[in-house]
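To start, the structure under review is shown below, and the notes come after it.
Residue numbers start from 1 in every chain, and the chains themselves are labelled A, B, ... in the order their sequence lines are given, proteins ahead of strands.
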There are 2 protein chains.
Amino acid sequence: MDDVLTIGEMCAAYQVTARTLRFYEQKELIWPIRQGSHRLYDRKARARLQLILRGKRFGFSLEDIRQLLDMYEREGSNQAQLERTYAVAVDRLGQMVAQRDELDLAIAELKQELAEGAAMIAAFKAAAE
Amino acid sequence: MDDVLTIGEMCAAYQVTARTLRFYEQKELIWPIRQGSHRLYDRKARARLQLILRGKRFGFSLEDIRQLLDMYEREGSNQAQLERTYAVAVDRLGQMVAQRDELDLAIAELKQELAEGAAMIAAFKAAAE
DNA sequence: AGGGAAATTGACGTTGACGTCAAGGTAACG
DNA sequence: CGTTACCTTGACGTCAACGTCAATTTCCCT
């Protein structure tokens with residue numbers, strides 16, 4: 001109990017499967033310690049996993065996340081890289097807002113159709129002649 | 001010019017590729033007229049395509065759309081089927097709302113991080129130790 | 001020492017919605 | 001009649017993010 005978790009404990013703790021953890025490792029998103037052939041996840045690895053899961057909630061792809069993590073792992077205080085990271089985040093935010101607006105629109109439309117009588121029914125009826 | 005469009009004209013008119021149209025046909029979403037081996041899209045086919053594209057904007061899967069279209073093509077005024085269609089739409093609306101709420105939350109979080117200084121920067125720095 | 005639980009690597013499978021050739025058929029224009 | 005543009009079918013490829021075996025180790029407990 002040296003502040004490291006086995007893969008099974010990680011699964012329980014973060015609600016992910018072992019396959020997922022190995023997959024992230026293969027994709028170079030995380031590097032657990034090796035004790036023999038077994039994996040052990042220390043604080044750093046767990047912090048990275050948290051960020052990965054967080055990034056996913058924000059809708060970043062795993063590749064986006066890898067790049068973001070890499071930028072910081074490599075040369076944290078580099079101003080240029082810092083700005084690029086910021087830009088990536090702003091960009092993603094823009095996408096998210098756009099996506100939400102579209103979704104809002106679609107929701108409003110669908111709601112109205114449902115209110116107007118019968119879902120897409122009127123529309124579908126029209127198509128069926 | 002008998003109120004039918006060739007596949008190429010359809011592509012231009014609806015901003016889809018020929019592959020997409022053939023794919024929809026293969027999935028039994030649309031049935032263009034055949035003139036020899038060539039396809040011709042009449043008003044009905046075009047109406048169906050519009051509905052398909054519309055359904056996609058609502059986030060329905062092609063399979064959902066096929067089922068919805070089928071229900072109405074087959075026996076439009078069947079009360080049971082009508083209710084099932086309605087239920088599908090309500091269900092989908094629920095999903096959309098849930099998705100939007102999640103998105104709103106994520107947007108708020110990301111915005112705050114950006115405001116707090118440096119995107120996911122603080123977080124990523126922490127992970128890099 | 002034995003035996004079940006937990007881990008390992010490797011490799012192929014899945015899902016959805018098409019993309020991308022390849023190898024022709026056909027139709028319209030001059 | 002030729003050529004060029006458009007169309008056809010068929011089949012395999014792609015992308016993301018894992019799932020699902022299978023065949024072995026390795027660990028922990030009694």
Side-chain angles (χ1 to χ4, degrees), chain A residues 1-2 4-42 45-46 48-69 92 95-96 99 102, chain B residues 1-2 4-42 45 48-69 88 92 95-96 99 102:
Chain A
M1 199 264 220
D2 192 22
V4 293
L5 298 185
T6 68
I7 198 167
E9 290 163 344
M10 285 293 281
C11 295
Y14 295 93
Q15 300 281 60
V16 294
T17 69
R19 178 66 180 92
T20 297
L21 290 173
R22 298 195 192 101
F23 179 73
Y24 289 168
E25 185 176 346
Q26 184 190 327
K27 290 280 168 178
E28 308 203 88
L29 283 160
I30 222 175
W31 304 288
I33 299 167
R34 286 311 185 96
Q35 179 172 351
S37 61
H38 287 192
R39 292 168 174 83
L40 289 177
Y41 297 82
D42 60 3
R46 296 196 310 264
R48 286 183 72 98
L49 179 57
Q50 285 234 13
L51 288 172
I52 293 167
L53 298 177
R54 194 137 184 252
K56 288 200 62 181
R57 289 214 336 275
F58 289 160
F60 289 100
S61 71
L62 290 183
E63 178 56 19
D64 284 342
I65 294 171
R66 192 187 61 72
Q67 286 179 23
L68 288 169
L69 284 170
R92 178 64 202 149
Q95 290 175 30
M96 287 166 74
Q99 192 183 337
E102 272 185 55
Chain B
M1 198 264 219
D2 192 23
V4 294
L5 298 185
T6 68
I7 198 167
E9 291 163 343
M10 286 293 281
C11 295
Y14 294 93
Q15 300 281 61
V16 294
T17 67
R19 178 67 179 93
T20 297
L21 291 173
R22 298 196 193 102
F23 180 73
Y24 289 169
E25 185 177 346
Q26 184 190 328
K27 290 281 168 178
E28 308 202 88
L29 283 159
I30 222 175
W31 306 287
I33 298 167
R34 287 311 185 97
Q35 178 172 353
S37 62
H38 288 190
R39 291 168 175 83
L40 289 177
Y41 296 83
D42 60 3
R48 285 182 73 98
L49 178 58
Q50 285 234 15
L51 288 172
I52 293 166
L53 298 178
R54 193 137 187 254
K56 288 200 64 180
R57 289 214 335 276
F58 288 160
F60 289 100
S61 72
L62 291 183
E63 178 55 19
D64 284 343
I65 295 171
R66 191 187 63 72
Q67 286 180 24
L68 288 170
L69 284 170
V88 168
R92 178 62 201 150
Q95 289 174 30
M96 288 167 73
Q99 191 183 337
E102 271 186 55

- prompt: Looking at the side chain of Leu62(B), which of dA17(D), dA7(C), dC18(C) is the nearest nucleotide?
  reply: dC18(C)

query: Between dC18(D) and Tyr24(A), is there an OP1 or OP2 to side-chain N/O distance shorter than 4.0 Å?
result: yes

message: If the cut-off is 4.0 Å, is Thr17(B) near the phosphate of dG19(C), judged by side-chain N/O to OP1 or OP2?
response: yes

message: Less than 4.0 angstrom between a side-chain N/O of Arg22(A) and OP1 or OP2 of dT8(C), yes or no?
response: yes

field: N/O (side chain, Arg39(A)) to phosphate O (OP1/OP2, dT9(C)) under 4.0 Å
entry: yes

Sole candidate of Arg54(B), Lys56(B), Lys27(B) that passes side-chain contact (heavy atoms from CB on, under 4.5 Å) when paired with Ile65(B): Lys56(B)

message: Pick the closest DNA chain C nucleotide for Arg34(A) and for Lys56(B) by heavy atoms, then say which residue is nearer the 5' end.
response: Arg34(A)

field: Between dT8(C) (P) and Gln26(A) (CD): distance, integer Å
entry: 14 Å

Under 4.0 Å protein heavy-atom contact, by nucleotide of nucleotides 22-30 of chain C - B base, S sugar-phosphate only: -----S---

- prompt: For Glu9(B), does the CD atom have more than 12 heavy-atom neighbours from other residues, nucleotides or ligands under 6.0 Å away?
  reply: yes

task: Identify, with sequence neighbours excluded, every residue that meets side chain to side chain contact (heavy atoms under 4.5 Å, CB included) alongside Gln95(A).
output: Asp91(A), Arg92(A)

Arg22(A) bridged to Glu25(A) by N-O distance under 4.0 Å: no

query: Does Thr20(B) have a side-chain nitrogen or oxygen under 4.0 Å from the phosphate oxygens OP1 or OP2 of dG19(C)?
result: yes

